[in-house]
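Only one structure is covered here, and it is reproduced in the block below.
Keep in mind it's a predicted model, so treat the numbers as computed, not measured. Ligands are counted one by one from 1 in listed order, and the atoms in each one are counted from 1 as well. The figures that follow rest on heavy atoms only: side chains count, while hydrogens, waters and symmetry mates do not.
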Amino acid sequence: MAKISERIKRLEGAINSACVRVGRDPGEIKLVVVTKSATVEEVKEVIHLGFTDFGENRVQQLKKVYTQVDNFSNERDSDSAEPGKINWHMIGHLQRNKVRQLLPIASLIHSVDTLRLAEEISASATKQKLCPKVLLQVNTSNEPKKYGVPVGAATHLAEQIETLPNLKLVGLMTMAPFTHNKDMVRSCFVRARELFVEMRGEKIVGPHFTELSMGMSSDYEVAVEEGATILRIGSAIFAG
Ligand SMILES: *Cc1c(COP(=O)(O)O)cnc(C)c1O
């Protein structure tokens with residue numbers, strides 16, 4: 001099993017190559033390290049390597065890792081280089097009854113896909129005097145069981161979310177289907193990018209609408225080629 005640092009180096013190399021293929025600047029792509037298959041020791045190792053953005057798909061798990069890592073930075077003596085501020089990303093399906101406890105922790109919520117959820121976030125954030133950043137999760141694969149707003153309904157939902165206080169809609173998120181069919185994966189990412197460009201062009205969203213969260217361990221190179229600004233990657237870093 002390769003070491004985590006080697007795996008990340010390989011990952012960064014592949015991201016850079018994908019950028020070169022399409023003439024993109026790797027500096028415009030953020031890697032969110034997904035920790036759901038990692039031990040605390042492994043997460044700490046990645047922090048030591050200088051990474052600042054971590055994601056979980058369940059609120060309980062996010063809170064747990066957040067607490068463990070917070071203890072870890074407290075343990076360190078004040079002379080040592082402090083790890084930079086860590087940004088926690090909620091990337092999985094979010095239940096409304098978990099919103100209140102998530103808000104103080106999460107830097108970005110990737111999975112807003114209904115007005116009811118957006119309203120809950122807005123109301124809870126208002127009470128807590130917060131203004132969380134959120135992404136609209138879009139179902140670009142048309143699989144009925146997938147989370148995410150259907151592509152055809154996304155613009156209208158974005159308009160509604162834009163009217164809510166104490167929440168900032170900063171982009172879109174999508175997941176491609178689990179398949180080896182790269183064309184199918186690519187067509188999902190293309191659909192997300194086209195929607196993203198269209199929403200910006202029609203001024204449905206503000207100038208802070210800049211993020212396109214797509215690409216996981218199995219499909220991040222395609223996602224980079226199609227315009228992703230945030231990659232969510234776990235198993236390519238942690239799985240043996
Ligand atoms: C687990 C997960 C990822 C990361 O998946 P890997 O295949 O381990 O890279 C990305 N996004 C979401 C929403 C996830 O749940």
Check each atom of ligand 1 against the heavy atoms of Gly234 and keep those under 4.0 Å away; list them by number with element. 4 (C), 6 (P), 8 (O), 9 (O)
Does only the side chain of Ile91 get under 4.0 Å from ligand 1, or the backbone, or both, or neither? Count heavy atoms. both
Residues Glu56 and Lys36 bridged, charged N to O under 4.0 Å: no
Closest protein heavy atom to atom 5 (O) of ligand 1, given as residue, atom name and distance to 0.1 Å: Met216 CE, 3.4 Å
For atom 11 (N) of ligand 1, grab the closest protein heavy atom and report residue, atom and distance to one decimal in Å. Arg232 NE, 2.9 Å
Are Leu231 and Ile109 in one and the same hydrophobic cluster, where Ile, Leu, Val, Met, Phe, Trp and Tyr link if side-chain heavy atoms are under 4.5 Å apart? yes
Pairing of Glu120 and Arg116 as salt bridge, 4.0 angstrom limit: no
Which atoms from ligand 1 have a heavy atom of Ser217 less than 4.0 Å away? 6 (P), 7 (O), 8 (O), 9 (O)
Within 4.0 Å of some non-hydrogen atom of Asn57, the atoms of ligand 1 are 15 (O)
Full working for salt bridge (charged side-chain N to carboxylate O under 4.0 Å, His left out) between Glu225 and Arg24: CA-CA 8 Å; Glu225 288 169 5; Arg24 293 191 65 193; over 6 Å; no
Give yes or no for whether the N/O distance cutoff of 3.5 Å, strictly under, is met between Lys36 and ligand 1. yes
pair Leu135-Leu108: side-chain heavy atoms closer than 4.5 Å: yes
Look only at interatomic distance and state if Val34 has a nitrogen or oxygen under 3.5 Å from any nitrogen or oxygen of ligand 1. no
In terms of the angle between their ring planes, are His93 and Tyr147 parallel, tilted or perpendicular, with boundaries placed at 30° and 60°? parallel
Enumerated ligand 1 atoms positioned under 4.0 Å from heavy atoms of Ile233: 9 (O)
Considering heavy atoms of the protein only, find what lies nearest to atom 7 (O) of ligand 1 and give residue, atom and distance to 0.1 Å. Ser235 OG, 3.4 Å
Validation row: Phe54, Leu62 side chains within 4.5 angstrom (heavy atoms): no
